[in-house]
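What follows is a set of notes on a single structure, which appears directly below.
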Amino acid sequence: MKITTITYQRKKNLGNYEMEDISLTAEIEEGDNVEAEIEVLKADAAYALGIKPPTPKPVNLEEKPW
C-alpha cells in the first residue's frame, strides 16, 4: 500500500461541555518516514491546542522503510 496523505485529529476538553478540536493533514513523498511524520503532526496539534506535546517515540528508519 502506498501512503500519500496522513491526517491526525486531536480533541481537547475545555470543560462545561465544550470541546476544541484540530485536524492536521500532511502530504508525504516517497521515501518519507510515515511514523516520523505522524509524530510531527501529533506534536503540532498538541502545541496548537495548548497541550503538552507527547514525548516523541524513537523511530528506527531501518526497521520500517516506507
Side-chain angles (χ1 to χ4, degrees):
M1 171 175 45
K2 182 177 179 182
I3 300 172
T4 58
T5 304
I6 52 176
T7 301
Y8 179 77
Q9 182 176 11
R10 181 151 187 181
K11 296 179 185 257
K12 178 181 177 182
N13 185 345
L14 301 174
N16 198 25
Y17 303 103
E18 294 180 334
M19 301 280 288
E20 181 177 21
D21 62 42
I22 188 168
S23 179
L24 301 174
T25 301
E27 291 185 24
I28 56 175
E29 304 288 326
E30 188 172 332
D32 286 349
N33 184 292
V34 176
E35 289 180 349
E37 296 299 327
I38 291 170
E39 292 301 317
V40 170
L41 290 180
K42 285 182 179 182
D44 288 350
Y47 178 78
L49 291 172
I51 300 171
K52 180 182 174 189
T55 305
K57 297 185 308 185
V59 177
N60 183 348
L61 297 177
E62 293 180 15
E63 184 178 305
K64 293 185 178 179
W66 297 89

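Small disclaimer: the values here were computed from a predicted structure and weren't measured.
- Under the salt bridge (Lys or Arg N to Asp or Glu O under 4.0 Å) criterion, K11 pairs with D21, not counting sequence neighbours.
- With rounding to the nearest 0.5 Å, the separation of CG in D44 from CG in L49 is 11.0 Å.
- Both Y8 and V34 belong to a common hydrophobic cluster when Ile, Leu, Val, Met, Phe, Trp and Tyr are linked at side-chain heavy-atom distances under 4.5 angstrom.
- Checked against side-chain hydrogen bond (donor to acceptor under 3.5 Å, both in side chains), T4 has no partners two or more places apart in sequence or in another chain.
- A donor-acceptor distance shorter than 3.5 angstrom exists from the side chain of N13 to the backbone of G15, with no hydrogens or angles considered.
- L14 is not listed as a side-chain neighbour of M19, based on a closest heavy-atom distance of 4.5 Å or more.
- Side-chain atoms of N33 come within 3.5 Å of backbone atoms of E35 as a donor-acceptor pair (strictly under, hydrogens ignored).
- Considering every non-hydrogen atom in both I51 and R10, the closest pair reads CG2-NH2, 3.5 Å.
- A continuous path of ILVMFWY side-chain contacts below 4.5 Å connects I3 to L24, so both sit in one hydrophobic cluster.
- Taking A26 as the reference, I6, L41 meet the side chain to side chain contact (heavy atoms under 4.5 Å, CB included) condition, with sequence neighbours excluded.
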